[in-house]
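Residue numbers run from 1 in the order of the sequence given. All values derive from a computational prediction rather than experimental measurement.
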Amino acid sequence: SLVSLSGLDSLTSLPGGLEVTDNPTFSSLEGLSGVSGSMADLFIRNAPVTSLQPLSQLGDISYRIVIDNTHLDDLSGLQQIEPFTGALIIGDLGDHPLSSAAQLPVGGSLTELYMDTLLATDEWPNFSQMVSVSGSVLLSVGTMADLGDAFPLLQSIDGQLHIDDVPRD
């Protein structure tokens, strides 16, 4: 089974993006360290990827970021991208939840926002500049007090606002 992207070291452009799904042995994005410029999609679901650091030359992700059931500790490797304005889906209630998503820069608007995670709000991406979401928002939080000042400028959500209560240990 494929465990990494080693061998793609000459790759410098991946404008369509990367999707890794349902691959229980795939753990490394090594081989993508030369990729720069813009990427439409970053979609990693049900794969034990351990680091996004090989994407540290990437300048922009334009459409969608999905991080769900991985072995990532945080989103290091994305801190240099342009502030993200697409669909952000973080669902990590599996065996190895994220400890932080604060490395991801977020712009003034998103198209969707799903935070199905046990992260404390101070470990969420910085939503302090976000004014609108053109689709729906799903937030799983322990208590409403967890939202605190997470969205100080948010003025409109054009879709549904869904709040879940996630039990904490």
So do the side chains of I89 and I65 get within less than 4.5 Å of each other, counting heavy atoms only?
-> no
In Å and rounded to the nearest 0.5 Å, what is the CD1 to CG distance from I81 to L58?
-> 7.0 Å
With the 4.5 Å side-chain cut-off for hydrophobic clustering, are L113 and V131 part of the same group?
-> no
Would a 4.5 Å heavy-atom cut-off, applied to side chains only, mark L32 and L5 as touching?
-> yes
Reported CG-to-CG distance for the pair N126 and L104, which is rounded to 0.5 angstrom | 10.0 Å
Please answer whether the main-chain N or O of E30 pairs with a side-chain N or O of S28 as donor and acceptor at a distance below 3.5 Å.
-> yes
Might you point out which heavy atoms bring D164 and H162 nearest each other, and give the distance in Å?
-> OD1-NE2, 2.7 Å
Minimum heavy-atom separation for S62 to A40, with atom names?
-> OG-CA, 3.4 Å
Can you find a heavy atom in the side chain of V35 that is under 4.5 Å from one in the side chain of L18?
-> no
Scanning both residues in full, the closest heavy-atom pair of A47 with V20 reads CB-CG1, 3.7 Å
Are F84 and V66 connected in the hydrophobic side-chain network, where two residues link if heavy atoms are under 4.5 Å apart?
-> no
Tested for side-chain hydrogen bond (donor to acceptor under 3.5 Å, both in side chains) against N46, the lone hit among D68, N69, T21 is N69
Distance-only side-chain donor-acceptor flag, S100 / D74, under 3.5 Å | no
Which distance, rounded to the nearest 0.5 Å, do you find between the OG of S56 and the CD of Q79?
-> 7.5 Å
Could you point out which residue of I44, L8, T50 forms a side chain to side chain contact (heavy atoms under 4.5 Å, CB included) with L29?
-> I44
Supply the atom-to-atom distance S136 OG to L161 CG, rounded to the nearest 0.5 angstrom.
-> 9.0 Å
Given side-chain contact (heavy atoms from CB on, under 4.5 Å), test D60 with M39 step by step and report yes or no.
-> CA-CA 6 Å; D60 181 49; M39 175 186 286; over 6 Å; no
Minimum heavy-atom distance between L98 and L72, given as atom pair plus value = CD2-O, 3.5 Å
Straight-line distance of L55 CG to Q80 CD, nearest 0.5 Å = 8.0 Å
Are side-chain heavy atoms of L110 and M130 found at a separation under 4.5 Å?
-> yes
Answer with yes or no whether the hydrophobic clustering places L42 together with L11; edges join I, L, V, M, F, W, Y residues whose side-chain heavy atoms lie under 4.5 Å apart.
-> yes
Are side-chain heavy atoms of L139 and W124 found at a separation under 4.5 Å?
-> yes
Under 3.5 Å: donor-acceptor pair, side chain of T70, backbone of P48 = no
Could you tell me which non-hydrogen atom of S13 sits nearest to which non-hydrogen atom of P15, and how far apart they are?
-> OG-CD, 3.2 Å
Within-4.5 Å side-chain heavy-atom neighbours: L88 and Y114 = no
With the side chain counted from C-beta on, respond yes when S140 and D116 share a heavy-atom pair under 4.5 Å apart, and no when they do not.
-> yes
Starting at CD1 of I163, measure out to CG of L138 and round the result to the nearest 0.5 Å.
-> 7.5 Å
Do L52 and L2 sit in the same hydrophobic cluster, where Ile, Leu, Val, Met, Phe, Trp and Tyr count as joined when their side-chain heavy atoms come under 4.5 Å apart?
-> yes
Derivation of the side-chain contact (heavy atoms from CB on, under 4.5 Å) call for V49 and S27 = CA-CA 4 Å; V49 172; S27 61; 5.9 Å; no
Is the OH atom of Y63 crowded by more than 12 outside heavy atoms at less than 6.0 Å?
-> no
Just wondering, do F127 and V133 contact through their side chains at under 4.5 Å, heavy atoms?
-> no
Can you tell me if S132 uses its side chain to pair, donor with acceptor, with the backbone of S134 under 3.5 Å?
-> no
Identify the heavy atoms of Q57 and S33 that sit nearest to each other, and give their distance.
-> CG-O, 3.3 Å
